[in-house]
Amino acid sequence: MCTSASAVWRVMLLLCSAAAAVSPPPADAARGTRIFGLLMEGCSGSSFVTHIARALLDYHLPHTTSATFDSELLKRRNAMQAMQSFAPNGVEGDDKGAALKEGDPNWWASFLHRLDAWAFSLNKTVVVNADLHSGSEDISSWAPTMHRLGVPFVLGWRTNVLDRALCKIRDCFSFLNGRRVDNATDRRNCMARREQTGNPIVVRIDVPALQRSLEHGHGPSSSLAALLEHGLGGAPPVETSTPAGAERLVPAPLVEYEDLAAFQYFRANETDLLAKSIHAWSSLLTGWGVAHTTESVSHCLRQNFDTRPWPQPHRPGVENADAVVELLHDLGPKYEAMWRTSLP
């Protein structure tokens, strides 16, 4: 899965951060955790969501700054890389995490406690994307510590699972559901591709494989159930609060990627989708217990209103489009509606 930030989102992060007045933490704010949990699966738009979420955190928690290392910190390699950033102040000793040994049954508990201590000592916030099916450690290895730390979680989902399947082929070069017609395999180019306009990348779908994926794939309900099972989706302990000192009001809200992304599309303000997008981002912040208003969210996102084209119709980018359309029709209206024939 690609995690490099595009120049557009780096600029947005700076703009939103600069817009907030710097102030010290509230004197009466509970310590809380500086880790914010996001559960989104691979090719669901989690890279985009993480970048915008960091900008919103910087804007609404002006006494903090967001840590910008890889958000998929529950993958061992990314966690090891993050530990290289840990400063010795506020963290045990001066080994920057070197004492964490392979095979240690408490490895993830130790890492997350150190991450939390590092973030608090430097007034950092950390967004952790805890995908369950794209290479992260099993939820049982990290969830108990997340629960003890009081990490608030939000569940994100890309409702158009056809788009997810196409993304896996086009941007992650997966062969599970098909292949790119150009046979490209260089993962470094996937973020650059998102900034390009012109002719679409063409893929050929393995129709039987796509059918199996659509019929037997996991959904948001299974991911939410996993969070609830480990105490990460319910009401927080009374003493748990965010760095802003605001209690979480709702348990693990579900936000849809399509709504989160809509604010950036051309002339979205001429439809009801801009308001839906701002509401979705507001729901995410509410789930994290971050105080905000509709106006403050709109102000932060405003820099990128009307900056990107809408998702295009599917047919030009699918070599065997007729076979895919027939499959979706046979699967029923819910799947048939995933095939885009026009712009909104």
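Bear in mind that the values here come from a model prediction, so they are computed numbers and not experimental data.
Side-chain contact between Lys75 and Glu137 is absent, with no heavy atoms from C-beta onward closer than 4.5 Å. Side chains of Thr64 and Leu57 form no contact here, defined as non-hydrogen atoms less than 4.5 Å apart. At a threshold of 4.5 Å between non-hydrogen side-chain atoms, the residues Arg308 and Phe263 do not count as touching. Between Lys168 and Leu176 there is no side-chain heavy-atom pair separated by less than 4.5 Å. The shortest side-chain heavy-atom distance between Leu166 and Val318 falls under the 4.5 Å cut-off. In this structure the side chain of Arg267 reaches within 4.5 angstrom of the side chain of Asp306, judged on heavy atoms. Looking at heavy atoms from C-beta onward, Ser66 lies out of side-chain contact with Val127 at the 4.5 angstrom threshold. Contact annotation: the side chain of Trp157 approaches that of Arg164 to within less than 4.5 Å [non-hydrogen atoms, C-beta and beyond].
A distance of 4.5 Å separates CG of Asn177 from OG of Ser213, quoted to the nearest 0.5 Å. Taking CG of Leu74 as the start and CG of Leu112 as the end, the distance is 6.5 Å to the nearest 0.5 Å. If you take CD on Glu229 and OG on Ser222, they are separated by 11.5 Å, rounding to the nearest 0.5 Å. To the nearest 0.5 Å, atoms CG (Asp171) and OG (Ser47) are separated by 10.0 Å. Rounding to the nearest 0.5 Å places CD1 of Ile201 at 4.0 Å from CZ of Arg180. Within the model, atoms CD of Gln312 and OG of Ser342 stand 10.5 Å from one another, a figure rounded to the nearest 0.5 Å.
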Next on the checklist: Working note: Phe305 + Asn269, criterion side chain to side chain contact (heavy atoms under 4.5 Å, CB included); need CA distance, chi angles, decisive distance, verdict.
Outcome noted: CA-CA 8 Å; Phe305 287 178; Asn269 61 327; 5.9 Å; no
Checklist entry - Is there a side chain to side chain contact (heavy atoms under 4.5 Å, CB included) between Phe266 and Leu343 once you walk through the steps? => result CA-CA 11 Å; Phe266 296 159; Leu343 299 179; over 6 Å; no
Item to check | Audit row: Cys43, Cys172, side chain to side chain contact (heavy atoms under 4.5 Å, CB included) steps and yes/no | outcome: CA-CA 8 Å; Cys43 282; Cys172 296; 3.2 Å; yes
Checklist entry - Given the rule in the side chain to side chain contact (heavy atoms under 4.5 Å, CB included) test, do Asn160 and Arg340 qualify, once you have shown the distances and angles that lead to the verdict? => result CA-CA 10 Å; Asn160 191 321; Arg340 279 191 301 278; 3.9 Å; yes
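In this structure a side-chain-to-backbone donor-acceptor pair under 3.5 Å is present from Thr286 to Ser282. The backbone N or O of Gly231 sits less than 3.5 Å from a side-chain atom of His147, completing a donor-acceptor pair. In this structure, Ser44 contributes its side chain and Arg158 its backbone to no donor-acceptor pair below 3.5 Å. Not one N or O on the side chain of Glu336 forms a donor-acceptor pair closer than 3.5 Å with the backbone of Leu331. At least one donor-acceptor pair closer than 3.5 Å links the side chain of Glu258 to the backbone N or O of Thr159. Counting only distance, with no hydrogens or angles, the side chain of Ser283 and the backbone of His279 share a donor-acceptor pair below 3.5 Å. Gln264 contributes a side-chain N or O that, together with a main-chain N or O of Ala261, makes up a donor-acceptor pair within less than 3.5 Å. Formation of a donor-acceptor pair under 3.5 Å by the Ser110 side chain with backbone atoms of Asn106 is found in this model. The closest donor-acceptor contact from the side chain of Asn78 to the backbone of Glu72 lies under 3.5 Å. Looking at Thr271, its side chain does come within 3.5 Å of a backbone N or O of Ala268 through a donor-acceptor pair.
The ring of Trp281 has its center no closer than 6.0 angstrom to the ring center of Tyr59.
Side-chain contact of His113 with Thr145: a donor-acceptor pair under 3.5 Å is absent, judged by distance alone. At a cut-off of 3.5 Å, with distance as the only test, no side-chain donor of Ser140 or His230 sits close to an acceptor on the other residue.
Phe69 and Trp118 have tilted rings, their planes meeting at an angle from 30° to 60° on a 0 to 90° scale. Ring planes of Phe48 and Tyr257: perpendicular class, angle over 60° (limits at 30 and 60°).
When the side chains of ILVMFWY residues are joined at heavy-atom separations under 4.5 Å, either directly or via intervening members, Val324 and Val202 end up in two distinct hydrophobic clusters. Cluster annotation: Leu228 and Leu39 are assigned to the same hydrophobic cluster (Ile/Leu/Val/Met/Phe/Trp/Tyr, side-chain heavy-atom contacts under 4.5 Å, transitive). Met80 and Val128 fall within a single hydrophobic cluster, where Ile, Leu, Val, Met, Phe, Trp and Tyr are joined by side-chain heavy atoms under 4.5 Å apart, directly or via other members.
When the salt bridge (charged side-chain N to carboxylate O under 4.0 Å, His left out) test is applied to Asp206, no partner is found at least two apart in sequence or on another chain. The salt bridge (charged side-chain N to carboxylate O under 4.0 Å, His left out) test applied to Asp322 returns Arg315, not counting sequence neighbours.
Smallest separation of non-hydrogen atoms from Ser277 and Ala262: OG-N, 3.8 Å. The shortest non-hydrogen separation linking Asn123 to His63 is CB-O, 3.5 Å. Taking each heavy atom of Leu284 and Val255 in turn, the nearest pair found is N-CG1, 4.1 Å. The minimum heavy-atom distance linking Gly37 with Val151 is given by the pair N-CG1, 3.6 Å. Nearest heavy atom pair, residue Arg54 against residue Ala67, reads NE-O, 3.4 Å. Shortest non-hydrogen contact noted between Leu73 and Phe111 is O-CE2, 3.9 Å.
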